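Every value quoted in this text rests on a predicted model; they were computed, and no experiment measured them. We name chains A, B, ... by the order of the sequence lines, and we start the count at 1 in each one. The analysis underlying the following values was restricted to heavy atoms, covering all of them including side chains, and did not include hydrogens, waters or symmetry mates.
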2 protein chains.
Amino acid sequence: MNGLMMDAPLLLSGLIEYAAEYHSGTGIVARDIEGDIVRLNYAQSHRRIKQLAKGLRRLGVRATTRVASLAWSTHRHFECFYAVTGIQAVLHTVNPRLYDEQIIYIINHAEDEFLLVDTASLSIVERIADRLPKIRNFIIMAKAGRIPPNTLRDVIVYEDLVAGEDGNFEWPSFDERSASTICYTSGSTGNPKGVVYSHRASMLQTMTNATSSWMPGTRNGVREVLMPVAPMFHGNAWNQPFLCCYTGSKLVLPGRAFEPEKLFELIDGEQVSIAAAVPTVWMILTDWMKTTGKRPSALRLAMLSGSPPSRELMRTLVMDFDLDTFLNYGSTEVLGGSAGTRVPLDAGTVIEDEMGERLRSGRAMFTPKIRIVDENGTSLPKDGVSKGHVQFKGTWVASGYLNGEGGSPLDREGWFFTGDIGSIDSQGRIVISDRAKDIVKSGGEWISSQELEAAAASHPDVAHASVIGVPHPKWQERPLLIIIRKPGAQVDADELLKHLAQRVAKWWLPDAIEFVDELPMTGTGKVHKPTLRAQYKDYKLAPEPAAKPQAEVRLS
Amino acid sequence: MNGLMMDAPLLLSGLIEYAAEYHSGTGIVARDIEGDIVRLNYAQSHRRIKQLAKGLRRLGVRATTRVASLAWSTHRHFECFYAVTGIQAVLHTVNPRLYDEQIIYIINHAEDEFLLVDTASLSIVERIADRLPKIRNFIIMAKAGRIPPNTLRDVIVYEDLVAGEDGNFEWPSFDERSASTICYTSGSTGNPKGVVYSHRASMLQTMTNATSSWMPGTRNGVREVLMPVAPMFHGNAWNQPFLCCYTGSKLVLPGRAFEPEKLFELIDGEQVSIAAAVPTVWMILTDWMKTTGKRPSALRLAMLSGSPPSRELMRTLVMDFDLDTFLNYGSTEVLGGSAGTRVPLDAGTVIEDEMGERLRSGRAMFTPKIRIVDENGTSLPKDGVSKGHVQFKGTWVASGYLNGEGGSPLDREGWFFTGDIGSIDSQGRIVISDRAKDIVKSGGEWISSQELEAAAASHPDVAHASVIGVPHPKWQERPLLIIIRKPGAQVDADELLKHLAQRVAKWWLPDAIEFVDELPMTGTGKVHKPTLRAQYKDYKLAPEPAAKPQAEVRLS
């Protein structure tokens with residue numbers, strides 16, 4: 001027996017339609033590739049989106065057609081998010097920072113038939129166009145007069161496509177489980193893998209993002225202004241292009257200008273109240289603001305995700321800039337794994353370690369479910385101490401990758417393996433201690449490479465610290481610490497070990513420390529550990545480590 | 001092409017499971033029928049719910065089995081909401097205030113097989129049990145020792161049913177479109193009609209209710225305490241038994257004690273921050289608080305729905321008790337038709353008429369859609385002035401009634417007719433001016449009986465004012481005003497007309513005024529207009545009305 005309720009699918013097109021109707025007093029402000037600021041209210045934007053959707057249909061875009069974008073965070077990219085998905089086609093957002101070979105691989109792998117490219121990414125496409133046999137048209141996201149000379153065939157000018165249609169268009173209705181967008185994971189090992197979002201998943205996530213237990217953002221009676229500094233090819237700019245329409249918030253997009261002065265200009269000038277960025281961007285921005293003595297006019301909340309921030313960064317945001325913070329745990333496969341807010345404080349609660357609280361990732365919310373398991377897949381207690389593989393299950397968790405790439409990421413009970421090691425407390429707050437593949441397995445116990453790296457990096461002479469496990473005859477693996485010193489700094493191994501001894505368990509101390517001038521990096525600015533491990537695979541440790549591992553000291 | 005996201009249904013059982021896991025530090029506080037206060041955290045409550053679910057299954061409750069409840073707002077009724085729906089059975093909440101004949105009709109019409117009854121409603125069931133042939137068991141919601149002697153056959157004691165099972169139970173997974181609860185509309189004309197909610201509709205509504213654009217309630221860092229004074233048989237207590245688990249808020253339930261001192265005791269003692277009630281209850285409560293000089297300790301928000309509040313009540317809530325207000329428009333068929341919050345105020349906004357703003361019903365949110373149409377079904381502008389039939393469309397709007405009763409409530413385009421007349425402004429804020437069937441149609445124009453009644457009721461000598469249309473040879477209908485004076489008051493027709501002339505258009509002035517001692521009332525405390533119209537159907541108006549209707553003056 002079914003309920004007698006209307007059977008209306010949850011579709012993304014409904015969001016922009018809604019914003020256009022009831023929130024036309026606000027809209028998006030975007031820096032375009034040329035550096036100009038573009039302002040469109042949601043009604044104007046919706047009209048252009050409908051024109052674009054009609055234009056795409058005229059080109060032959062149909063339900064299930066994959067349309068790639070190679071573009072930064074502009075008003076046109078925002079339009080593509082709605083126009084492509086609104087006609088049941090699938091928008092594949094490609095990261096222009098990837099290497100050519102990776103871009104070629106994923107565009108072909110996703111079987112993209114159209115490629116939307118902004119003028120900043122045009123040279124990439126010129127280099128690789130011949131190796132994209134399935135692309136029928138290259139749509140250059142610009143006005144006709146502002147497109148640089150180029151060698152592309154089958155070019156469509158975006159603004160001509162839009163101008164060629166009127167805005168008279170009704171969004172089609174279809175199954176909410178239809179694919180909406182595709183985002184490939186960076187794939188530090190093996191091929192990149194495509195995560196395929198659905199309308200249903202994106203909509204439910206949007207609704208959850210708008211709950212006051214997620215983002216302490218959409219305050220009653222006050223319009224928030226959102227700025228995702230995270231680019232639109234990273235997990236749909238953390239869902240904010242959808243959230244802004246649902247809540248009627250102004251959306252500020254940085255284009256491709258991530259220099260601190262450019263970011264500040266928008267944050268300050270557009271009265272941004274919530275900005276979302278990875279810790280590195282926050283560090284650069286706060287350093288710049290400290291140096292220049294600038295203070296943003298309306299910013300009240302720093303949203304962080306992507307990698308764990310340092311305690312120092314949290315202190316700077318809170319103490320120096322009087323910002324609230326919101327640390328979210330998530331990944332491409334689990335967009336938003338934890339809620340944004342901290343545990344509600346009951347009257348009289350005293351917080352002993354405010355920054356420690358802020359370094360925990362939000363808390364569990366209703367859908368998705370979270371758990372940690374040991375090596376055998378047995379569920380571990382949520383006590384904030386036990387560490388295990390972090391797993392998710394729920395309505396917006398990936399069930400697999402495009403074309404079955406990489407096999408199933410689920411265990412037998414249907415839980416998704418994040419590849420992260422962490423603890424969960426009784427409130428569902430997650431602390432990630434490592435990537436599973438980066439953990440150092442010493443005598444049956446785990447040593448967190450991330451925690452060891454953070455301890456080493458807290459030494460003032462250290463510019464960068466990286467830890468890998470190297471084979472050890474007795475203990476299976478032991479940690480090797482690899483250091484880049486700051487220019488002119490002289491710290492040696494003994495001094496570093498003393499520094500570490502005050503910060504980590506004795507048996508965590510690295511068996512050896514190497515000083516180098518550079519480390520192998522990924523396209524997204526992280527150390528490429530597989531390369532590092534290959535470099536040091538024959539590394540010989542001294543027979544006696546710096547400190548004896550003590551297997552009887554349990555980590556958890 | 002579908003997304004590659006997990007296919008997890010949205011089920012109500014997930015809410016209590018979530019609350020039990022992550023919000024066991026809070027729970028429900030309920031007054032039981034005997035007057036005692038019962039406290040259960042969500043983990044304890046979940047355990048009892050699972051025991052109850054197993055007990056119900058043992059009795060033979062299966063997927064689609066209809067289980068009726070005739071009960072007030074107690075912890076046991078809360079448990080039934082989750083236990084019955086969690087096993088894919090359907091909870092039919094029956095209003096104990098209805099007449100016996102109506103209760104018999106709707107229990108038989110819904111084909112209920114089990115009847116949960118609290119001790120307060122036992123005497124009703126004793127009277128009608130013989131006329132409920134399909135009921136297999138009467139489950140008395142009490143402990144064995146606290147059940148009064150009664151004549152019922154096939155009695156099960158609720159607490160024995162719970163105690164007979166352990167809490168070892170996994171909630172089944174099933175289609176989210178499955179029916180969850182049934183609530184009959186009061187049915188002032190024709191038979192009562194059953195609205196059948198689904199898990200999907202209730203879940204999406206819960207998620208929307210938790211958005212900060214709905215309830216300015218779930219503030220970050222602060223646990224809210226919710227108290228639905230609206231009984232659980234009225235639209236699932238306005239969805240709050242579901243919302244509280246989603247947000248981890250404490251839920252305070254008044255049992256059947258609606259006396260102001262009893263309500264105040266809970267609101268004050270349990271630190272209720274948001275209470276939800278119909279305007280009449282708020283009037284009684286604020287009168288009592290004024291008289292006694294009491295102030296609730298933590299109450300900050302008065303949620304109102306069910307019927308339009310007076311400006312005077314809004315002023316009392318805001319000015320005398322420093323409360324925020326939240327006026328929601330909705331009905332059994334459209335649980336929550338408008339969002340709870342007012343339009344976000346941009347910096348520098350000056351509100352000329354704050355109470356006028358507060359008397360508008362929230363604003364449009366994403367799903368459901370709202371519109372107003374004229375007599376021909378043509379959409380009217382959302383300008384805050386045009387008046388028409390209010391219609392809804394969306395994921396939690398009724399598509400019909402149980403067993404097709406009353407035919408389809410939808411128009412050809414699939415919009416639901418609310419039966420209300422109102423205006424919508426550009427922000428989607430609704431102002432209801434009348435029930436469609438109560439509007440007075442004069443010379444092709446509409447006169448709002450509700451607005452005329454409100455104008456008359458604002459005279460200090462008037463205890464109650466009711467307006468109906470009576471036949472008129474020239475104007476089709478003209479308004480007749482029927483007045484109950486306050487005890488000892490002497491106001492006459494001339495004085496009332498003078499009073500009205502300052503408040504409504506001249507052509508709205510009633511053609512006649514009758515003074516009476518009583519009016520026919522419904523079971524839920526409203527004037528029963530069909531009876532009133534029948535009483536006055538042969539009423540002869542004077543050939544010349546008090547003021548000439550001017551058809552050329554358009555209402556909109």
- Item | Atom pair OG1/OH of B:T367 and A:Y18 - distance to nearest 0.5 Å | 10.5 Å
- Query: When rounded to the nearest 0.5 angstrom, what is the spacing between OG in B:S178 and CG in A:N2?
  - Reply: 5.5 Å
- Query: So does B:K369 have more than 12 non-hydrogen atoms from other groups sitting under 6.0 Å from NZ?
  - Reply: no
- Message: Here's a test for you: under side-chain contact (heavy atoms from CB on, under 4.5 Å), which of A:Q427, A:K382, A:R429, A:M365 qualifies with B:Y22?
- Response: A:K382
Are [X] and [Y] side-chain neighbours, meaning at least one heavy-atom pair lies under 4.5 Å?
X: B:T211; Y: A:Y246; value: yes
X: B:Y401; Y: A:L4; value: no
X: B:R200; Y: A:M5; value: no
X: A:F416; Y: B:M6; value: yes
X: B:L402; Y: A:M1; value: yes

Which bit of [X] is near chain B, if near means a heavy-atom gap under 4.5 Å: side chain, backbone, both or neither?
X: A:E17; result: side chain
X: A:S180; result: neither
X: A:E21; result: both

Side chain / backbone / both / neither for [X] at chain A, heavy atoms under 4.5 Å:
X: B:Q271; result: neither
X: B:F174; result: neither
X: B:P368; result: neither
X: B:L10; result: both

- Message: Taking every non-hydrogen pair under 4.5 Å, which of B:G414, B:A179, B:C245 racks up the most with chain A?
- Response: B:A179
- May I ask you to name which of B:G428, B:G394, B:A19 has the most heavy-atom pairs under 4.5 Å with chain A? B:G394
Max heavy-atom pair count under 4.5 Å with chain B, selected residue of [options]:
options: A:R66, A:E333, A:M203; result: A:R66
options: A:A364, A:A201, A:S24; result: A:A364
options: A:D175, A:T26, A:T64, A:T181; result: A:T64
options: A:G194, A:S202, A:G400; result: A:G400
options: A:G248, A:S399, A:G25; result: A:S399

- Message: Which heavy atom of A:S198 sits nearest to which heavy atom of B:G3, and what is that distance?
- Response: CB-CA, 3.9 Å
- Taking all heavy atoms of A:M207 and all of B:L204, pick out the closest pair and write down the distance. CE-O, 3.5 Å
